[in-house]
Structure formats: C-alpha cells, structure tokens
Amino acid sequence: MTAVEVVGLGRDFVSSGRRVTALDRVDLTVAEGEIVALLGENGAGKTTLTKILATLLLPSRGTARIFGVDVTERPQEVRRHQSVVFGGERGFYHRLSARENLRFFALLDGAPPRGLRQLVDRSLERAGLADAAGRAVETYSRGMRQRLHLAVGFATRPRLMLLDEPTLGLDPVEAARLRAEISALRDQGVTILLTSHHLLDVEELADRVVALHGGRVVEDLPLADFTRRAGFAAVITVTGHGPRPEPRTGHGIRIRDEGPAGGPGEGEGAGGWTLVIEIEEWGMVALGGIGALLDGCEVTGFDVAPARLEDSFRRLYESPRR
C-alpha cells in the first residue's frame, strides 16, 4: 500500500508584503514500511512539507494523501494514522513527570486505559528514559526532552511517523540507541519520513533520499544511488617522505589535494608530503593507477575512506542549480 502520496503540492506564504513560495509542484510517493529521508539546505521546504502531511498547514495547491486519506478533507482521520515528532523545548507540561506527560498524550491519542501503564513504561524504556520517568520534565536536559518527544511517538502506535531531526541534542550513544529503535519500527511495518541534518541518521536508516531545493524535488533516489552522486567511490589519503609523486589524472584516479612539499607532513618532519586521491570506481584500472603513481615513493601512511552521503550532499548543493 502507498503510505504517502503527494501530487503537485505547493505552499505560499506572505512575508513583508511579498509572496514567498515554500513548496512548488512537489510530487512524492512513499511505500508502506519504507524509510525516506528528506534532505535539503535550510529553507528548502522540508519542514513545510512535513507540516502539511501532519495537517498542521494547509497546502496552497495540489493534494497530499496519507494511506489514501486526503490531509485537507479528512485531517482527523489522517492524524489517527500517524505520529509527528518535531522535537524542541515546547510541547510538554514541564511541571509534570515524563510518565504523566506520556500517559496524557497516549490517552489523547485514543489509547485504551487497559494496558496503558505497560504501554507508557515500554515507550519510556525504548527512549532510554525509564530511570528518569518520575522526574518533572522541567529538570530534563535538552537531549532528554528530545527522547521524550520520541517516546510520545512510540506510545501512539502509528502507521506513519514524521520525524524532524530526531537525534538533535543527543550524544553519540543516545543517538545510536534511538536509530536502532527507529529501525525496529520499520521492521514492524511502520513508514517513516525523516528530516535530519545529521547525515549519519540518513546513512544508517534511509531506504531512499529525496532532496529538495527551493521548494522543489531535485533528486529522488535509493540511498546507494544518491551516495554515488558524489562522483567517486572512495578517497585515499596518502602520506609519505622524500620525493613527492608527480600528480596525474586518468587511470581511474584524480588528485584532489596536495600537502606542501619540503614542509611537515603527517608527523614525518621536513620533506613530508600528503596526497588526497579520489578513486572514480574500484577496479584494476584504478588500482593500477595508484600503483603507478606511488611507484618508488616512500609511503608512511595510507588511509581509505568510502564516499559518504555528505560528499553527495555537498556536490549536489554546491553545483550550479538546474
């Protein structure tokens, strides 16, 4: 089943007497059980699109449906299918405990009283808040409040989750734990639409990447295909001592950067050098090119890093717009 279907969606605002187009003719389809990441620079339209799907904003034109239900015509029915996690400092009763807040929001969403305590406790456990469940939210750190937003999402048992910067303010251990919980939701058939500037979230969770620019969709690709848009398969950083190899192109490699000759290079002292090499595609041609480039050189370090989502993101948004 199609979880999200957006056709020709647009949204305009008026700012200082001027009309501003936040979304323009956006088409998007998300299958049930899929995790799709919305990427884009600030102001690209990601949050506006998410708020329309969450029934918090009305579109200026076009249509959006959640499991076949129009978000404009039947917003209450749409809300029964989904949970929205925007995070931030607002949205809770700060003098109440996390457990009390979660109980309130679960009941507001229609959770039955029977089994409510178990539902609340399980959601707090999944968000890593079980030990602090009885504390007032006003005593929570920013990261803990972010986890409480996610606990609310877990408690409402949605078919669709809209996540806006879900790991914002979390330390690496907490962020990894929440990514594991989000991935488990996908395994249960929950559809997830994710926006995040923390690209590790996208790399570890997303099946597909939809990139927005100026309110329009400029890329819609499986994660692996989007990553290949970086234009290279890997980057090799080579350090050495003595005569520096002569830079060359072709043979499946490109020299991206060079360290200074005759100066310090990666702790090797005077005469050290550094080369950063892009591998266009792994294969015998590239390996032969690397061997020829470094033949006879005194290599002291050799580090290989695969192309990352960040590289593709940078290339997409630094290139001239289409």
Side-chain angles (χ1 to χ4, degrees), residues 37 39-42 44 143 165 167-180 196-206 209 211 213 218-219 221-322:
L39 293 185
E41 302 162 303
N42 290 333
E165 302 287 350
T167 61
L168 182 67
L170 303 186
D171 65 42
V173 174
E174 291 175 324
R177 176 175 181 167
L178 279 179
R179 283 194 292 269
S196 180
H197 286 106
H198 190 190
L199 296 183
L200 183 59
D201 293 345
V202 179
E203 286 181 327
E204 294 197 0
L205 292 171
V209 171
H213 177 77
V218 293
E219 293 286 3
L221 293 168
L223 178 64
D225 291 346
F226 186 85
T227 302
R228 282 194 283 270
R229 290 298 180 97
F232 55 89
V235 174
I236 299 176
T237 302
V238 185
T239 58
H241 196 261
R244 183 173 61 190
E246 290 295 325
R248 64 175 67 191
T249 56
H251 302 286
I253 64 174
R254 293 188 297 266
I255 305 300
R256 178 195 286 184
D257 193 18
E258 300 176 57
E266 298 297 315
E268 293 298 322
W273 50 264
T274 301
L275 286 180
V276 180
I277 307 167
E278 288 185 356
I279 307 300
E280 296 176 7
E281 185 176 353
W282 284 114
M284 295 306 297
V285 172
L287 292 174
I290 296 168
L293 174 67
L294 301 178
D295 186 33
C297 295
E298 185 180 345
V299 174
T300 58
F302 194 92
D303 180 71
V304 181
R308 302 294 301 270
L309 188 64
E310 181 179 353
D311 300 307
S312 301
F313 184 87
R314 187 184 304 114
R315 183 183 178 98
L316 175 64
Y317 288 98
E318 288 180 352
S319 63
R321 301 280 17 116
R322 61 192 71 184

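Atoms considered below: every heavy atom in the structure, side chains included; atoms not considered: hydrogens, waters and symmetry mates.
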* Test Arg308 against Leu199 for side chain to side chain contact (heavy atoms under 4.5 Å, CB included), laying out the working first. => CA-CA 9 Å; Arg308 302 294 301 270; Leu199 296 183; over 6 Å; no

* Is a side-chain donor or acceptor of Arg315 paired with a backbone partner of Ala230 at a separation under 3.5 angstrom? -> yes

Please give me the minimum heavy-atom distance between [X] and [Y], naming the atom from each residue.
{"X": "Val285", "Y": "Gly252", "value": "CG1-N, 4.0 Å"}
{"X": "Phe232", "Y": "Ala307", "value": "O-CB, 3.3 Å"}
{"X": "Trp282", "Y": "Ala233", "value": "CD1-CB, 4.1 Å"}
{"X": "Val299", "Y": "Gly301", "value": "CG1-O, 3.5 Å"}
{"X": "Glu298", "Y": "Trp273", "value": "O-CZ2, 4.0 Å"}
{"X": "Glu203", "Y": "Leu223", "value": "O-CD2, 3.5 Å"}

* Determine, stepwise, if the pair Val304 / Ile279 fulfils side chain to side chain contact (heavy atoms under 4.5 Å, CB included). => CA-CA 10 Å; Val304 181; Ile279 307 300; over 6 Å; no

* How far apart are the C-alpha atoms of Thr227 and Val209, what are their side-chain angles, what is the distance that settles it, and do they pass the side chain to side chain contact (heavy atoms under 4.5 Å, CB included) test? -> CA-CA 9 Å; Thr227 302; Val209 171; over 6 Å; no

* Is it the case that Glu165 and His197 place a side-chain donor and acceptor less than 3.5 Å from each other? -> yes

* Modelled atom types, side-chain donor and acceptor of Thr239 and Thr300, under 3.5 Å -> yes

Min side-chain heavy-atom separation [X]-[Y] under 4.5 Å:
{"X": "Leu200", "Y": "Arg179", "answer": "yes"}
{"X": "Leu294", "Y": "Phe302", "answer": "yes"}
{"X": "Leu275", "Y": "Thr237", "answer": "no"}

* Measure the spacing between CG of Leu39 and CG of Leu316 and express it to the nearest 0.5 Å. => 9.0 Å

* Asked: Between Arg229 and Leu221, does a side chain to side chain contact (heavy atoms under 4.5 Å, CB included) hold up when you go through it step by step?
  -> CA-CA 10 Å; Arg229 290 298 180 97; Leu221 293 168; 3.9 Å; yes

* **Sole candidate of Asp303, Ile253, Ile290 that passes side-chain contact (heavy atoms from CB on, under 4.5 Å) when paired with Ile236** => Ile290

